[in-house]
> 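After the C-alpha coordinates below, expect a handful of questions from me.
Remember, predicted model here, so these are calculated numbers, not experimental data.
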Amino acid sequence: MGGSIENRCRFLFEVLEAIRAKIDVKKVGIRLSPILDKVQGIVQDDETEELFTYMIGKLNDYPLAYVHLSGVTGDMAADPLKQVLDGARYYREIYKGTLMINKGFTRDTANQAIEEGIADLVSFGVPYIGNPDLVERFAANAPLNECDRDTFYSTGPKGYTDYPFYKEDKE
(Lines give C-alpha, C1' and ligand atoms only; values in the text may rest on other atoms or scores of the structure.)
Protein backbone atom coordinates (compact mmCIF):
# COMPACT_ATOMS: atom_id res chain seq x y z
CA MET A 1 0.00 0.00 0.00
CA GLY A 2 2.61 2.58 -0.95
CA GLY A 3 5.63 1.33 0.87
CA SER A 4 7.09 2.83 4.01
CA ILE A 5 5.54 5.67 5.98
CA GLU A 6 8.38 7.93 4.82
CA ASN A 7 7.76 7.00 1.19
CA ARG A 8 4.03 7.71 1.45
CA CYS A 9 4.82 11.17 2.85
CA ARG A 10 7.54 11.87 0.29
CA PHE A 11 5.34 13.77 -2.18
CA LEU A 12 4.28 16.31 0.44
CA PHE A 13 7.85 17.01 1.47
CA GLU A 14 9.10 17.17 -2.12
CA VAL A 15 6.42 19.78 -2.81
CA LEU A 16 7.39 21.72 0.32
CA GLU A 17 11.05 21.67 -0.75
CA ALA A 18 10.11 22.94 -4.22
CA ILE A 19 8.04 25.72 -2.66
CA ARG A 20 10.84 26.58 -0.23
CA ALA A 21 13.20 26.96 -3.21
CA LYS A 22 10.93 29.73 -4.57
CA ILE A 23 9.30 31.45 -1.60
CA ASP A 24 9.46 31.66 2.18
CA VAL A 25 7.40 28.77 3.57
CA LYS A 26 6.21 31.10 6.33
CA LYS A 27 3.61 32.03 3.69
CA VAL A 28 2.43 28.43 3.34
CA GLY A 29 -0.29 26.65 5.27
CA ILE A 30 -1.08 22.96 5.08
CA ARG A 31 -4.49 21.44 5.72
CA LEU A 32 -4.68 17.79 6.72
CA SER A 33 -7.51 15.55 7.86
CA PRO A 34 -5.97 13.03 10.23
CA ILE A 35 -9.02 13.20 12.49
CA LEU A 36 -11.49 11.06 10.59
CA ASP A 37 -13.14 7.68 10.56
CA LYS A 38 -14.39 7.41 7.00
CA VAL A 39 -14.74 10.38 4.70
CA GLN A 40 -15.32 10.12 0.95
CA GLY A 41 -14.12 6.53 0.87
CA ILE A 42 -10.98 7.13 2.93
CA VAL A 43 -10.74 4.50 5.63
CA GLN A 44 -8.16 4.48 8.38
CA ASP A 45 -5.92 1.44 8.51
CA ASP A 46 -3.40 0.14 11.02
CA GLU A 47 -0.81 2.72 9.92
CA THR A 48 -2.94 5.85 9.57
CA GLU A 49 -2.08 7.28 12.99
CA GLU A 50 1.60 6.40 12.53
CA LEU A 51 1.61 8.06 9.10
CA PHE A 52 0.08 11.31 10.35
CA THR A 53 2.25 11.28 13.47
CA TYR A 54 5.35 11.05 11.29
CA MET A 55 4.08 13.62 8.77
CA ILE A 56 2.98 16.20 11.32
CA GLY A 57 6.17 15.73 13.35
CA LYS A 58 8.31 16.26 10.25
CA LEU A 59 6.39 19.46 9.47
CA ASN A 60 8.22 20.95 12.47
CA ASP A 61 11.23 21.19 10.10
CA TYR A 62 9.35 23.86 8.12
CA PRO A 63 8.43 27.27 9.58
CA LEU A 64 4.94 27.15 8.05
CA ALA A 65 2.26 29.79 8.54
CA TYR A 66 0.11 27.06 10.06
CA VAL A 67 -0.95 23.44 9.99
CA HIS A 68 -4.73 23.16 9.77
CA LEU A 69 -6.30 19.95 11.06
CA SER A 70 -9.84 19.31 9.95
CA GLY A 71 -12.23 16.81 11.45
CA VAL A 72 -15.08 14.81 10.03
CA THR A 73 -18.17 16.41 8.54
CA GLY A 74 -21.85 16.06 9.25
CA ASP A 75 -22.90 12.94 11.09
CA MET A 76 -19.77 10.96 10.22
CA ALA A 77 -18.90 10.89 13.92
CA ALA A 78 -21.17 10.60 16.92
CA ASP A 79 -19.54 13.67 18.48
CA PRO A 80 -17.42 15.44 15.84
CA LEU A 81 -16.29 18.20 18.20
CA LYS A 82 -15.00 15.72 20.77
CA GLN A 83 -13.26 13.80 18.00
CA VAL A 84 -11.56 16.96 16.70
CA LEU A 85 -10.51 18.06 20.19
CA ASP A 86 -9.11 14.63 21.07
CA GLY A 87 -7.17 14.48 17.81
CA ALA A 88 -5.93 18.06 18.18
CA ARG A 89 -4.70 17.36 21.71
CA TYR A 90 -2.69 14.43 20.37
CA TYR A 91 -1.17 16.37 17.45
CA ARG A 92 -0.57 19.50 19.57
CA GLU A 93 1.97 17.44 21.52
CA ILE A 94 3.76 16.65 18.26
CA TYR A 95 3.49 19.87 16.23
CA LYS A 96 5.17 22.93 17.72
CA GLY A 97 4.15 25.53 15.13
CA THR A 98 0.86 27.37 14.69
CA LEU A 99 -1.96 24.83 14.83
CA MET A 100 -5.44 25.52 13.48
CA ILE A 101 -8.44 23.23 13.96
CA ASN A 102 -11.90 23.08 12.43
CA LYS A 103 -15.32 21.38 12.51
CA GLY A 104 -18.27 21.90 14.76
CA PHE A 105 -17.04 24.78 16.90
CA THR A 106 -19.10 27.54 18.42
CA ARG A 107 -17.67 30.84 19.55
CA ASP A 108 -17.37 29.52 23.10
CA THR A 109 -15.90 26.11 22.28
CA ALA A 110 -13.38 27.75 19.95
CA ASN A 111 -12.29 30.20 22.63
CA GLN A 112 -12.03 27.36 25.14
CA ALA A 113 -9.84 25.27 22.79
CA ILE A 114 -7.50 28.23 22.32
CA GLU A 115 -7.43 29.08 26.04
CA GLU A 116 -6.59 25.44 26.87
CA GLY A 117 -3.71 25.47 24.36
CA ILE A 118 -5.25 22.75 22.22
CA ALA A 119 -4.85 24.99 19.17
CA ASP A 120 -3.69 28.47 18.28
CA LEU A 121 -6.52 29.16 15.83
CA VAL A 122 -9.98 27.82 15.06
CA SER A 123 -11.50 28.21 11.61
CA PHE A 124 -15.18 28.31 10.76
CA GLY A 125 -16.66 27.12 7.47
CA VAL A 126 -20.38 26.46 7.69
CA PRO A 127 -21.12 29.29 10.15
CA TYR A 128 -19.61 31.76 7.65
CA ILE A 129 -21.85 30.54 4.86
CA GLY A 130 -24.98 31.47 6.81
CA ASN A 131 -23.47 34.43 8.65
CA PRO A 132 -21.45 36.75 6.46
CA ASP A 133 -21.08 38.93 9.55
CA LEU A 134 -19.88 36.08 11.78
CA VAL A 135 -17.14 38.11 13.45
CA GLU A 136 -19.58 40.85 14.41
CA ARG A 137 -22.10 38.29 15.66
CA PHE A 138 -19.45 36.62 17.81
CA ALA A 139 -18.37 39.98 19.21
CA ALA A 140 -21.97 40.86 20.10
CA ASN A 141 -22.77 37.33 21.28
CA ALA A 142 -25.64 37.51 18.80
CA PRO A 143 -27.62 34.53 17.54
CA LEU A 144 -26.52 32.88 14.31
CA ASN A 145 -28.61 32.35 11.20
CA GLU A 146 -29.65 28.76 10.56
CA CYS A 147 -27.73 27.43 7.54
CA ASP A 148 -29.65 25.78 4.71
CA ARG A 149 -27.43 22.80 3.84
CA ASP A 150 -29.64 21.98 0.82
CA THR A 151 -28.20 25.05 -0.90
CA PHE A 152 -24.52 24.32 -0.17
CA TYR A 153 -22.36 24.09 -3.28
CA SER A 154 -25.24 24.65 -5.64
CA THR A 155 -25.61 27.11 -8.46
CA GLY A 156 -27.01 30.58 -8.00
CA PRO A 157 -27.11 32.99 -5.09
CA LYS A 158 -29.64 31.14 -2.87
CA GLY A 159 -27.94 30.18 0.34
CA TYR A 160 -24.84 32.28 -0.31
CA THR A 161 -25.88 35.89 -0.66
CA ASP A 162 -29.34 35.95 0.85
CA TYR A 163 -28.63 35.40 4.56
CA PRO A 164 -29.60 38.43 6.64
CA PHE A 165 -27.04 40.45 8.53
CA TYR A 166 -27.54 40.86 12.25
CA LYS A 167 -28.92 44.25 13.18
CA GLU A 168 -28.24 45.01 16.80
CA ASP A 169 -31.06 46.89 18.52
CA LYS A 170 -29.37 50.14 19.49
CA GLU A 171 -32.37 51.88 20.98
> Is there a side-chain contact between Arg89 and Glu116, using heavy atoms and a 4.5 Å cut-off?
yes

> CD1/Ile101 to CD1/Ile118 distance, rounded to the nearest 0.5 angstrom?
6.5 Å

> Hey, could you give me the CD1/CE distance between Ile114 and Met100, rounded to the nearest 0.5 Å?
10.0 Å

> Tell me whether Tyr66 is reachable from Leu32 by hopping between hydrophobic residues (I, L, V, M, F, W, Y) whose side-chain heavy atoms are closer than 4.5 Å.
no

> Asp120: what forms a salt bridge (Lys or Arg N to Asp or Glu O under 4.0 Å) with it, not counting sequence neighbours?
Arg92

> Specify the closest pair of heavy atoms between Gly130 and Asn145, including all atoms of both residues, with the distance to one decimal.
O-ND2, 2.8 Å

> Got His68 and Ser123 here, is their nearest side-chain heavy-atom distance under 4.5 Å?
yes

> Atom OG1 of Thr106 and atom CD of Gln112: how far apart are they, to the nearest 0.5 Å?
9.0 Å

> Restricting to non-hydrogen atoms, name the atom on Ser70 and the atom on Asn102 that form the minimum distance, rounded to 0.1 Å.
OG-OD1, 3.6 Å

> Specify the closest pair of heavy atoms between Phe165 and Arg137, including all atoms of both residues, with the distance to one decimal.
C-NH2, 3.5 Å

> Please table the atom pairs, donor to acceptor, closer than 3.5 Å between any side-chain atom in residues 10-27 and protein atoms at least two apart or in another chain.
{"residue": "Arg10", "atom": "NE", "partner": "Glu14", "partner atom": "OE2", "Å": "3.1"}
{"residue": "Arg10", "atom": "NH1", "partner": "Asn7", "partner atom": "OD1", "Å": "2.7"}
{"residue": "Glu17", "atom": "OE2", "partner": "Arg20", "partner atom": "NH2", "Å": "2.8"}
{"residue": "Glu17", "atom": "OE2", "partner": "Tyr62", "partner atom": "OH", "Å": "2.7"}
{"residue": "Asp24", "atom": "OD1", "partner": "Lys26", "partner atom": "N", "Å": "3.0"}

> Provide the full list of ring pair (Phe, Tyr, Trp, His ring centres under 6.0 Å) pairs with a residue in residues 134-154, sequence neighbours left out, each pair given once.
Phe124-Phe138

> Taking all atoms of both residues into account, what is the closest heavy-atom pair of Asn60 and Lys96, and its distance?
OD1-N, 2.8 Å

> List the atom of Leu69, the atom of Tyr91, and the distance in Å for their closest heavy-atom pair.
CD1-CB, 3.7 Å

> Dump the intermediate steps for side chain to side chain contact (heavy atoms under 4.5 Å, CB included) on Tyr163 and Asp133, then the final yes or no.
CA-CA 10 Å; Tyr163 285 105; Asp133 56 347; over 6 Å; no

> Return the minimal non-hydrogen interatomic distance between Pro34 and Phe52, and the atom names on each side.
CB-CG, 3.3 Å

> Working to the nearest 0.5 Å, report the span between CD1 of Ile30 and CG of Leu64.
5.0 Å

> Arg107 vs Leu144, test: side chain to side chain contact (heavy atoms under 4.5 Å, CB included). Steps then yes/no.
CA-CA 10 Å; Arg107 181 191 76 148; Leu144 301 182; over 6 Å; no

> Would you say the side-chain atoms of Thr53 pair up with the backbone N or O of Glu49, donor to acceptor, closer than 3.5 Å?
yes

> Are the side chain of Asp162 and the backbone N or O of Lys158 linked by a donor-acceptor pair below 3.5 Å?
no

> Can a donor-acceptor pair be found between the side chains of Ser154 and Thr151 at a distance below 3.5 Å?
no

> Check whether Leu121 and Val67 end up in the same hydrophobic cluster, where Ile, Leu, Val, Met, Phe, Trp and Tyr are linked by side-chain heavy atoms less than 4.5 Å apart.
no

